[in-house]
Protein chains: 2
Amino acid sequence: MDKKEYDVTKYDRPSLTVDIVLFSIKNNCLNILLIKRKEVPFKDFWALPGGFVKINESLEDAAKRELIEETNIKDVYLEQLYTFGNLNRDPRTRVITVSYFALMSSKDLGNIKIKPSTDASEVQWFDTFNLPKLAFDHKNIVEYGIKRLRWKLEYTTIGFKLLPENFTLTELQMIYEIAFHKKFDKRNFRKKILSLNLIEETKEKTKDVSHRPAKLYSFKKKIGDIIEII
Amino acid sequence: MDKKEYDVTKYDRPSLTVDIVLFSIKNNCLNILLIKRKEVPFKDFWALPGGFVKINESLEDAAKRELIEETNIKDVYLEQLYTFGNLNRDPRTRVITVSYFALMSSKDLGNIKIKPSTDASEVQWFDTFNLPKLAFDHKNIVEYGIKRLRWKLEYTTIGFKLLPENFTLTELQMIYEIAFHKKFDKRNFRKKILSLNLIEETKEKTKDVSHRPAKLYSFKKKIGDIIEII
DNA sequence: CCAAAAGTGTTATGCTTACACCCATGC
DNA sequence: GCATGGGTGTAAGCATAACACTTTTGG
């Protein structure tokens, strides 16, 4: 097990990065956070936040660090998405990127101030279905992220990660409608969600609305934060 | 876009490997192919086939190459599984591995002769649910592979990749029973499979069996080789 | 004729879908 | 009182699950 017995440096190694597809709901749209690149390659192109993995940090730690460094955002839900390793995805040299899928509660949209950094001249939310031209192969990564989001919404309880702690059933339904680009029947949606027995009424209602106030629900977090169906 | 404008070598880079979880059905069991390591670390431990990614090959090409080099197996179904990057998963140095999920038709079990190589002193199939102690974090990778297999069997038509071109409905059912460790009702299974309209009768039947011969079916490969439900 | 696996239908149950009106609030 | 979104039930159709006997072959 002596490190000297095996010279791994004899291999010409690819570089390794992480990139994060961070979704949130903003203005009734599914949004993605992008940064504007300060440096070549793809200078002044919009790109996913991300960067090189350091030798002494895990992949997930790298994703968290890059998100903080480049956008000032932390404490989001994060899971690995896919690893992209085509030969010419970066014009500089061989770069493999491990992409991450992230969700931010719409509650935090107000609390966290996104801000640019050394690597990014701007940071901005974009409508997922109306993105600018992206650097590298980031369009592929985003598409992969949308697929994952839809799948996870359908088969897991991940949707709650996009909502504040207390939410109305209409807000929850909206997330599904935004992600799937289609309308669901209100009665059937409610029946289905309530039958899953994953959320409970709070004693609160929405305030200061010029119509009948809605019951606020919260997610029953007994087992884990997210109940994985798979 | 000049490669010289950006010195990526200033980053201390992790090493990158691929590892392959190759499943096949053998003796009515779900089997995984393992190699016995010739070198430290984990000398003489069983491990997943795999190795370092070369600078000029894609991740998938690396997986294919390693599978051929280490086991003499080629032309299997291959898809990316997950990227494992914990800090101490390799005692030598920082190594990140992109794992691949592979399926081999039981037809090929007879045709392809597995053989050891420079890196492996032995190559052998093992019952997935009765594996020896594995090198590195390969146990985690195998578990992840089993999850993916079950999921894919449930939601896609990937099961056909484990069968020869023509197969009986009983053989198909067996794959599901082996992977899920449970029995399914014969009539309901057949009804379900046939209603999906994905397979068709051939004119052939099983030969030389001391009981009623079974119809052989084949997969209708119209759209693509695998119909992804997701 | 016996052993062994192939093949085949019906019923009950639960889930999904389609669909329309009254309720509570602010202005 | 009116505009706005919140809240509710029922019936039809469809998919799933449970269940047992007959058929075809080799020996």
Side-chain angles (χ1 to χ4, degrees), chain A residues 25 27-29 106 150-151 153-157 159 163-164 166-178 180-218 227 229, chain B residues 25 27-29 106 150-151 153-157 159 163-164 166-218 227 229-230:
Chain A
I25 303 285
N27 310 326
N28 289 359
C29 286
S106 56
R150 286 181 176 157
W151 184 81
L153 284 175
E154 199 159 357
Y155 294 108
T156 78
T157 61
L163 289 172
N166 294 338
F167 51 86
T168 68
L169 293 178
T170 302
E171 286 170 336
L172 184 57
Q173 182 172 349
M174 216 185 58
I175 286 185
Y176 282 79
E177 294 182 343
I178 289 170
F180 287 94
H181 265 317
K182 73 182 220 197
K183 292 283 174 192
F184 294 93
D185 179 87
K186 184 162 58 163
R187 277 172 293 189
N188 292 338
F189 182 85
R190 284 162 186 241
K191 219 183 309 172
K192 183 67 201 273
I193 291 290
L194 293 172
S195 77
L196 292 175
N197 208 28
L198 296 172
I199 62 174
E200 56 194 358
E201 288 186 29
T202 65
K203 285 159 195 154
E204 307 293 311
K205 296 196 168 199
T206 51
K207 300 277 184 196
D208 302 320
V209 285
S210 74
H211 53 77
R212 179 172 173 175
K215 284 181 195 164
L216 288 165
Y217 289 80
S218 68
I227 294 170
I229 287 129
Chain B
I25 303 285
N27 310 326
N28 289 359
C29 285
S106 55
R150 286 182 176 157
W151 184 82
L153 284 175
E154 199 159 359
Y155 294 107
T156 77
T157 61
L163 290 171
N166 295 338
F167 51 87
T168 68
L169 292 178
T170 302
E171 287 171 334
L172 183 58
Q173 184 171 346
M174 216 185 56
I175 287 185
Y176 282 79
E177 293 181 345
I178 288 170
F180 287 94
H181 265 318
K182 74 182 220 197
K183 292 284 173 193
F184 294 93
D185 178 88
K186 184 161 60 162
R187 277 170 294 189
N188 291 337
F189 182 83
R190 283 161 186 243
K191 220 182 308 171
K192 182 67 200 275
I193 291 290
L194 293 172
S195 77
L196 293 175
N197 209 28
L198 296 172
I199 62 175
E200 55 195 359
E201 287 186 29
T202 64
K203 285 160 196 153
E204 307 292 313
K205 295 196 169 198
T206 51
K207 299 276 185 196
D208 303 320
V209 285
S210 74
H211 54 77
R212 180 172 174 173
K215 284 182 195 162
L216 288 166
Y217 289 79
S218 68
I227 295 170
I229 286 128
I230 299 299

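Just so it is clear: chains get the letters A, B, ... in the order the sequence lines come, proteins before strands, and each one is counted from 1. Computed from a prediction, not measured in an experiment: that's the story for all the values here. Computed from heavy atoms alone, side chains included, the values below leave out hydrogens, waters and symmetry copies.
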Problem - Nucleotide of dC19(C), dT4(D), dA24(C) approaching P213(A) most closely (side-chain heavy atoms) - result: dA24(C)

Handout entry: Short side-chain N/O contact to dA18(D) OP1/OP2 from R187(B), under 4.0 Å
Key = no

Problem - Given DNA chain C, 5'-ward residue of the pair E171(B) and S210(B), judged by closest heavy atom - result: S210(B)

Exercise for the section: Identify which nucleotide among dA18(D), dG7(D), dC19(C) has an atom closest to any side-chain atom of A214(A), counting heavy atoms from C-beta outward. Expected result: dG7(D)

Problem - Minimum side-chain heavy-atom gap T157(A)-L196(A) below 4.5 Å - result: no

Exercise for the section: Have a look at K215(A) and say if it touches a base, only the backbone sugar-phosphate, or nothing, with a 4.0 Å heavy-atom cut-off. Expected result: sugar-phosphate

Problem - Selected nucleotide, minimal atom distance to H211(A) side chain, candidates dG5(D), dG9(D), dA6(C) - result: dG5(D)

Handout entry: Quiz item: K191(A) side-chain donor-acceptor pair to dT17(C) base, under 3.5 Å
Key = yes

Practice task
Using whole Å, report how far NZ of K186(B) lies from C1' of dT22(D).
Solution key: 11 Å

Exercise for the section: Run the ring-centre check on Y176(B) versus F189(B) and record whether the distance is less than 6.0 Å. Expected result: yes

Handout entry: pair T168(A)-K215(A): side-chain heavy atoms closer than 4.5 Å
Key = no

Exercise for the section: Describe the nucleic acid contact of T170(A) in one word from base, sugar-phosphate, nothing, applying a heavy-atom distance below 4.0 Å. Expected result: sugar-phosphate

Practice task
Check every strand shown and say whether K192(A) touches a base, only sugar-phosphate, or nothing at a heavy-atom separation below 4.0 Å.
Solution key: sugar-phosphate

Fill in the blank from the handout: The residue, R212(A) or N188(A), whose nearest nucleotide of DNA chain D is more 5′ is R212(A)

